[in-house]
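Keep in mind it's a predicted model, so treat the numbers as computed, not measured. Basis for what follows: all heavy atoms, side chains included, without hydrogens, waters or symmetry-related copies. To find a chain, count down the sequence lines: A is the first, B the second, and so on, and within it residues start at 1.
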Protein chains: 2
Amino acid sequence: MTRVTIKSIARDLGISHMTVSRALSNHPNVQKETREAVLKRAEELGYVRSSAAAAMRGEDTRIVGLLLPNITNEFYARYANALALECDRRALHLIIHLTNDDIRLEAEALRRLREVQARSVVMVPAPGEVDPALPADMRAIQLIRRRTEGPAILVDDSDALTAAVLQLARAGHARIGYVGAVPSLSSGHNRRAAYRAGLARAGLPFDTTLEVTGAPTHELGRTGATRLCEAGADALVCGGFEIASGALATWLEHTEGGKRVSFVGYGDTASYPWIRDGIASISVPVEALAGRTAALLAGELAPDGPDHGFKAEFVVRGSAN
Amino acid sequence: MTRVTIKSIARDLGISHMTVSRALSNHPNVQKETREAVLKRAEELGYVRSSAAAAMRGEDTRIVGLLLPNITNEFYARYANALALECDRRALHLIIHLTNDDIRLEAEALRRLREVQARSVVMVPAPGEVDPALPADMRAIQLIRRRTEGPAILVDDSDALTAAVLQLARAGHARIGYVGAVPSLSSGHNRRAAYRAGLARAGLPFDTTLEVTGAPTHELGRTGATRLCEAGADALVCGGFEIASGALATWLEHTEGGKRVSFVGYGDTASYPWIRDGIASISVPVEALAGRTAALLAGELAPDGPDHGFKAEFVVRGSAN
DNA sequence: CTGAAAGCGCTAACAG
DNA sequence: CTGTTAGCGCTTTCAG
């Protein structure tokens, strides 16, 4: 049983494959009966158009790539979920590659997306000193972090982070620690600055032993939280999704005995309200980000330039007292 | 700046496109210098092979489809994560479509995967009375649930569910409620049977008001848990991932005042150990499932027949007392 | 209204 | 070792 093509249908019906093509694409110049016969036969045989052939002719593949560090972190999962729904609605194919924030895996994924002629890629750029130019034949939209120029969907969380620090200070904490990404990443730089701004506004002294930065991973969260606790921090502020997930695990172990260390996570993890007295956090509007991304992908929005339109919010819960 | 093809490289170098093709695919019959010149030029120009052209010639597209109800549920997220990693490792493209357990969205996704000539699909079959045959030109691997014949990766959770009921009975509960999928789904049928077996073995009476079934959604979890609590249940057992996520939310609200209703969730949600005294649950070996799937996809395993090789486990935590 | 030809990028099968 | 031809599925263009 070989593939059903317009030619096989044409042979089957004793007509030219062009007539079949026209019938299937609703071209007016086909006799009614012929058209119906074609449509019927195509249906019976389960014909589907080959998108490979279409792509070869230069048609849009309707493939969108999504490059994420992982998809277990709830922020990325929710983002991917929302984006996948939007893509399905718009008949776009979403190809997901996980980079694990590794720049080599990222490069490999980009290469393969070029092979399939993806029309655009949405990517959380992996951290890295070098600056591999993003491919020009696909439109790249950077998410959350910005490594190079071009369109980006970013979140302004400065006020939220500052507010978190102020709240902790108000609650009587004087040694507020911070774990975040390396300052070479846009997000790492800005978030740490916001943390420092919070300290300044609270009139608290600045202490580098209370700052841990590194590659924004779960692991950094774990080790960073440990280091900060050992350094005598009485509160922890997280500067990233992955980091928060690691730091939370450490914090839960560390404060099991009832030690009074406060905690502010990052992102809207569903279980945050249910853990202990509730985990305070920096809330990021995931669905809105995904919606905007989809609009960009569908060309419903101006394609160029950065996009700082989103604001994070500080959500107070028990862990911030 | 038009696309870089073997022909454009050939023109550029003043040779035939076949020589370029051979050079790029390591065919022996190319003069060393020519080969090097080609490779160099290809590199410079950023040539990538068109997989559309390859697909048209009948080559494998290396595209794998993944159809999931959603990707926010931690089980699906972790599964997708693991599978995506395996696929990246094996240079497979993973296209994710979300079905929301809607059989029409599922059909649409399958049609589009046939268009791109996906070699295989991994799918959690949507619930539905009708039985749309799975397409024959792609290999379909059913996950968790089984709607029709063909290879499937299933989990045997009977013993775990029975054990959960027994544990609750031991803890002194007599009105143990169950929320699960409709029995027309293989998983719905088996899980309810295991729940009932638990009751029987505990010597507890059988009570249909303590059983709620429906489409396996978060919503069913919410409403089902409410109904069961109103029916006077003193313990809840969940028969599915989505259901557990909904039921947990309801349960947390309902028992806030300290009412003593016990709870057994489904799946290995990371936060389960941290909520209240820990949420007991049916633990499913996600990573193993994904590993087996990948092996099947890569053809490293016998492709046919069912696969019941996985066992779920009951994990006791505070919520089961 | 219908058909034949050409070409998208690539390689197998033949010529040289 | 290198080049030419043909064909994968499809549509655009041109000829009936």
**OP:** Kindly determine whether A/Gln117 and A/Asp137 satisfy side-chain hydrogen bond (donor to acceptor under 3.5 Å, both in side chains), including the steps that lead there.
**Re:** CA-CA 8 Å; A/Gln117 292 162 67; A/Asp137 44 6; over 6 Å; no
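- The base of C/dT2 does not come close enough to the side chain of A/His27 for any donor and acceptor atom to sit less than 3.5 Å apart.
- Ion pairing between a basic and an acidic side chain is recognised when a charged N comes within 4.0 Å of a carboxylate O; A/Arg112 and A/Glu115 show no such pairing.
- Taking a cutoff of 4.0 Å between a charged side-chain nitrogen and a carboxylate oxygen, B/Glu59 and B/Arg119 do not qualify as a salt bridge.
- Going from atom CD1 of A/Ile15 over to atom C1' of C/dA4 covers 15 Å, rounded to whole Å.
- The residues B/Lys40 and B/Glu36 are annotated as not salt-bridged, no charged nitrogen and carboxylate oxygen being separated by less than 4.0 angstrom.
- Salt-bridge annotation for B/Glu106 and B/Arg147: present, with a side-chain N of the basic residue lying under 4.0 Å from a carboxylate O of the acidic one.
- Look at CG on B/Asn26: it is 13 Å from P on C/dA12, rounded to the nearest Å.
- For A/Lys7 and D/dG7, the shortest distance from a side-chain N or O to OP1 or OP2 is not below 4.0 Å.
- The distance between atom CZ of A/Arg11 and atom C1' of D/dC8, rounded to the nearest whole Å, is 12 Å.
- Applying the 4.0 Å criterion to OP1 and OP2 of C/dG3, one finds that A/Thr19 has a side-chain N or O inside that range.
- Atoms CE (B/Met18) and C1' (C/dA13) sit 9 Å apart, rounded to a whole Å.
- Contact check of residues 39-58 of chain A against DNA chain C (heavy atom, cut-off under 4.0 Å) returns A/Met56, A/Arg57.
- The interatomic distance linking B/Leu24 (CG) with C/dG9 (P) rounds to 15 Å, in whole Å.
- Between the side chain of B/His17 and the base of C/dT11, a donor-acceptor pair under 3.5 Å is found.
- Checked for salt-bridge contact, A/Asp12 and A/Lys7 miss the test: no charged N lies under 4.0 Å from a carboxylate O.
- Remark: B/Ser21 is not in phosphate contact with C/dG9, judged by side-chain N or O atoms under 4.0 Å from OP1 or OP2.
- Side-chain atoms of B/Ser8 never come within 3.5 Å of backbone atoms of B/Val4 as a donor-acceptor pair (strictly under, hydrogens ignored).
- Nearest nucleotide to the side chain of A/Arg3, out of C/dC1, D/dG9, C/dC10: D/dG9.
- Between B/Glu36 atom CD and D/dC1 atom P the separation is 13 Å, expressed in whole Å.
- Listed pair A/Thr34 / C/dT2 meets the phosphate criterion, a side-chain N or O lying under 4.0 Å from OP1 or OP2.
- Comparing the local axis fitted to the first five base pairs of the helix from C/dC1-D/dG16 to C/dG16-D/dC1 with the one fitted to its last five gives a bend of 60°, rounded to 10°.
- Dense packing is recorded around CZ of B/Arg90, with more than 12 heavy atoms of other residues, nucleotides or ligands lying under 6.0 Å away.
- Rounded to an integer number of Å, the gap from A/Asn29 CG to D/dA15 P is 17 Å.
- For B/Asp88 (side chain) and B/Ala91 (main-chain N/O), no donor-acceptor pair under 3.5 Å exists by modelled atom type.
- Atom CG in B/Asp60 sits about 16 Å away from atom C1' in C/dC10, given to the nearest Å.
- The closest side-chain donor-acceptor pair between A/Thr5 and A/Tyr47, if any, does not fall under 3.5 angstrom.
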